[in-house]
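The structure appears below as structure tokens.
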Protein chains: 2
Amino acid sequence: MPASPPAEKTTFRDVKAEILHRITEGPWGPGSLLPGEVELAEEFGCSRTTVNRAMRELSELGLIDRRRKAGTRVRKAPLRQARFGIPLVREEIEATGESYRYTLIARRLIEAPDWVAERMKLGPSGLVLHVLCLHSANGRPYQLEDRWINANALPQVQDEGFEAIGPNEWLVTTVPFSDVEISFQAVAAEGAVVQHLDHRPGEPVFCVERTTWWQGAAMTFVALSFRPGHRMTTRY
Amino acid sequence: MPASPPAEKTTFRDVKAEILHRITEGPWGPGSLLPGEVELAEEFGCSRTTVNRAMRELSELGLIDRRRKAGTRVRKAPLRQARFGIPLVREEIEATGESYRYTLIARRLIEAPDWVAERMKLGPSGLVLHVLCLHSANGRPYQLEDRWINANALPQVQDEGFEAIGPNEWLVTTVPFSDVEISFQAVAAEGAVVQHLDHRPGEPVFCVERTTWWQGAAMTFVALSFRPGHRMTTRY
DNA sequence: CAGTGGTCTAGACCACAAC
DNA sequence: TTGTGGTCTAGACCACTGG
């Protein structure tokens, strides 16, 4: 006689997919109340733990709203959130099949200018290493990196010439961080951006700024300017 | 005699925090191999399940790399990823304490122009509802919404005048979606953006484009242009 | 092949919040 | 007060993959 088929267990992925299905195409429209975990566990023939994990993940995705005693409801307006990967420039470029090149433009150890000191919340005598460098794709300018590194907190940075590798790559493998603030904006091209990035003065530039903190102190602040026409894209 | 203290159980949060601590400030530097789940469970006096959840979440955060048989390692270059919330404009504005106002500028039912048809992958005779509207904060223009809605897939949209509420709010409570593509860029101000958003021609504009799909068809495409100086910021 | 993570289970207790 | 989700446990089997 044939052995009974493996009788696959219901996985939390199965449950998650089925609930998702019922939400997007089935009977559970926006605002509706879902059955409790126990009930669903019975229906799906699995343990409550499994249902719980499925629903927890849907909750993290922002599709449902869970409250003790009140139960689980489908969100009326799904929490819209997008995740962006922030790759190393080198990887971003090489991923498209283009060749990557790094060029150091300037490197100075100085007192932080006021605006930088403010951004990084440096006290007086804020010694910083300022590095300006260019990342190119197939020989054409791709991204200009305007980097400021806290030289008091990271004295070893003074031994780095950054002739061959960018501060970006040095930092990620050397400096821990606990907190990152990142912002996107559109600015008008000027100065170094015009000079090194094939921009005409006043032309729109997509710009990313990032401050990295560790133990309450800013380790580094960077302004990244991209070549004309750059887009940052994601799907979810 | 005093009852013995509650003898708090170790939670997965405790474990997560402790591991995080050892990674960022302790002995587990980038690249190092962490103890196995069983070993950690013994050390922390909890079940393997608890350790597993803690490590799974750290893995989702991109801080550690887990592989069967190989064990768990601290990532050399932490996966950089940023999460951006995509709020309704109304909420974004009201959250800052400013007053919100909606203004309909234009509404036309037309054949999709080529560039829109391409974006939304519409076939021939792609009927779309085009809505242009403005979101203001404290009476000043804040965001211009250039919206295209698939009128074949969503015939009921033709009954909506959009005089009082924006297509944005109508859509989120009406149309399900399975897939979203979003992109950010810097563009030069022109046309309606200049006319309605206090931009001078050629001035940089921060622009978000979003296409929303359901069951393989594009439901809507929108281009959002922000007032001068707008920043999109997040922390993680 | 054997070690490590991935997941399921059945049961339990608890915290919160709606009633 | 009581129902619902949040979490822990101890044990089990399995899947992947490195050596």
Side-chain angles (χ1 to χ4, degrees), chain A residues 3-20 22-23 28 30-76 78-79, chain B residues 3-20 22-23 28 30-76 78-79:
Chain A
S4 63
E8 300 277 330
K9 278 183 185 168
T10 310
T11 74
F12 75 92
R13 290 169 202 282
D14 297 334
V15 178
K16 188 177 167 184
E18 177 57 25
I19 294 178
L20 191 54
R22 295 187 190 174
I23 288 176
W28 296 341
S32 59
L33 180 65
L34 271 56
E37 294 189 347
V38 192
E39 189 175 335
L40 285 173
E42 280 171 24
E43 181 196 333
F44 290 120
C46 64
S47 72
R48 183 164 82 94
T49 314
T50 301
V51 174
N52 181 276
R53 176 154 180 198
M55 296 184 92
R56 173 157 30 93
E57 295 198 354
L58 289 171
S59 169
E60 281 164 7
L61 283 175
L63 290 167
I64 58 181
D65 205 7
R66 317 199 72 197
R67 273 153 59 202
R68 288 164 150 125
K69 172 71 182 179
T72 300
R73 289 185 177 279
V74 179
R75 273 213 146 94
K76 287 185 186 153
L79 241 200
Chain B
S4 64
E8 300 277 329
K9 277 183 184 168
T10 310
T11 74
F12 77 92
R13 288 169 204 282
D14 298 333
V15 178
K16 188 176 168 186
E18 177 56 26
I19 294 178
L20 192 53
R22 294 188 190 175
I23 288 175
W28 297 341
S32 58
L33 181 65
L34 271 55
E37 295 188 349
V38 193
E39 189 174 336
L40 286 173
E42 280 172 23
E43 182 196 333
F44 290 119
C46 64
S47 72
R48 182 162 84 91
T49 314
T50 301
V51 175
N52 181 275
R53 177 155 180 199
M55 296 184 91
R56 173 157 29 92
E57 295 198 354
L58 289 171
S59 169
E60 282 164 6
L61 282 175
L63 289 167
I64 59 181
D65 206 7
R66 317 198 72 195
R67 272 152 58 205
R68 287 163 152 130
K69 170 72 183 181
T72 300
R73 287 184 178 280
V74 179
R75 274 224 154 98
K76 288 185 186 155
L79 240 201

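Below, chain A is the first sequence line, B the second, and so on; all start at residue 1.
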>> Going by salt bridge (Lys or Arg N to Asp or Glu O under 4.0 Å), name the residues that satisfy it together with D65(A), two or more places apart in sequence or in a different chain.
In response: R75(A)
Distances under 3.5 Å only, N/O to N/O: pair up the protein atoms with those of nucleotides 11-14 of chain D.
{"from": "dA12(D)", "atom 1": "N6", "to": "R48(B)", "atom 2": "NH2", "distance (Å)": "3.1"}

side-chain hydrogen bond (donor to acceptor under 3.5 Å, both in side chains) involving [X] - partner list, sequence neighbours excluded:
{"X": "R66(B)", "result": "E37(B), T72(B)"}
{"X": "E18(B)", "result": "R22(B)"}
{"X": "T11(B)", "result": "D14(B)"}
{"X": "R56(B)", "result": "none"}

May I ask you to verify if any side-chain N or O of [X] is less than 4.0 angstrom from the OP1 or OP2 atom of [N]?
{"X": "N52(B)", "N": "dG6(C)", "value": "yes"}
{"X": "T50(A)", "N": "dT7(C)", "value": "no"}
{"X": "R13(B)", "N": "dT7(D)", "value": "yes"}

>> Just verifying a value: how many Å separate I19(B) CD1 and F12(B) CZ, rounded to the nearest 0.5 Å?
In response: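 The CD1 atom of I19(B) sits 12.0 Å away from the CZ atom of F12(B).
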>> Working to the nearest 0.5 angstrom, can you tell me the gap between S32(B) OG and L34(B) CG?
In response: 6.0 Å
Check the distance between [N]'s [atom2] and [X]'s [atom1] and give it to me in whole angstrom.
{"X": "R56(B)", "N": "dT7(D)", "atom1": "CZ", "atom2": "C1'", "answer": "12 Å"}
{"X": "R66(A)", "N": "dT4(D)", "atom1": "CZ", "atom2": "P", "answer": "12 Å"}
{"X": "R73(A)", "N": "dA17(C)", "atom1": "CZ", "atom2": "P", "answer": "16 Å"}
{"X": "M55(A)", "N": "dT4(D)", "atom1": "CE", "atom2": "P", "answer": "12 Å"}
{"X": "E57(A)", "N": "dT7(D)", "atom1": "CD", "atom2": "P", "answer": "13 Å"}
{"X": "D65(B)", "N": "dG18(D)", "atom1": "CG", "atom2": "P", "answer": "11 Å"}
{"X": "R53(B)", "N": "dC8(D)", "atom1": "CZ", "atom2": "C1'", "answer": "11 Å"}

>> The side chain of K69(A) is closest to which nucleotide in this list: dT2(D), dT7(D), dT7(C)?
In response: dT2(D)
> Looking at DNA chain C, which of residues 30-44 of chain A put a heavy atom within less than 4.0 Å of it?
Replying inline: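 Result for residues 30-44 of chain A: none.
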> Who are the side-chain contact (heavy atoms from CB on, under 4.5 Å) partners of S47(B), not counting sequence neighbours?
Replying inline: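 In terms of side-chain contact (heavy atoms from CB on, under 4.5 Å), with neighbours along the sequence ignored, S47(B) is linked to T49(B), T50(B).
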> Who passes side-chain contact (heavy atoms from CB on, under 4.5 Å) against P35(A), sequence neighbours left out?
Replying inline: W28(A), E39(A), L40(A)
> If you find the nucleotide of DNA chain C closest to R67(A) and the one closest to T72(B), which residue's nucleotide is nearer the 5' end?
Replying inline: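 Taking each residue's closest nucleotide, the earlier one in sequence belongs to T72(B).
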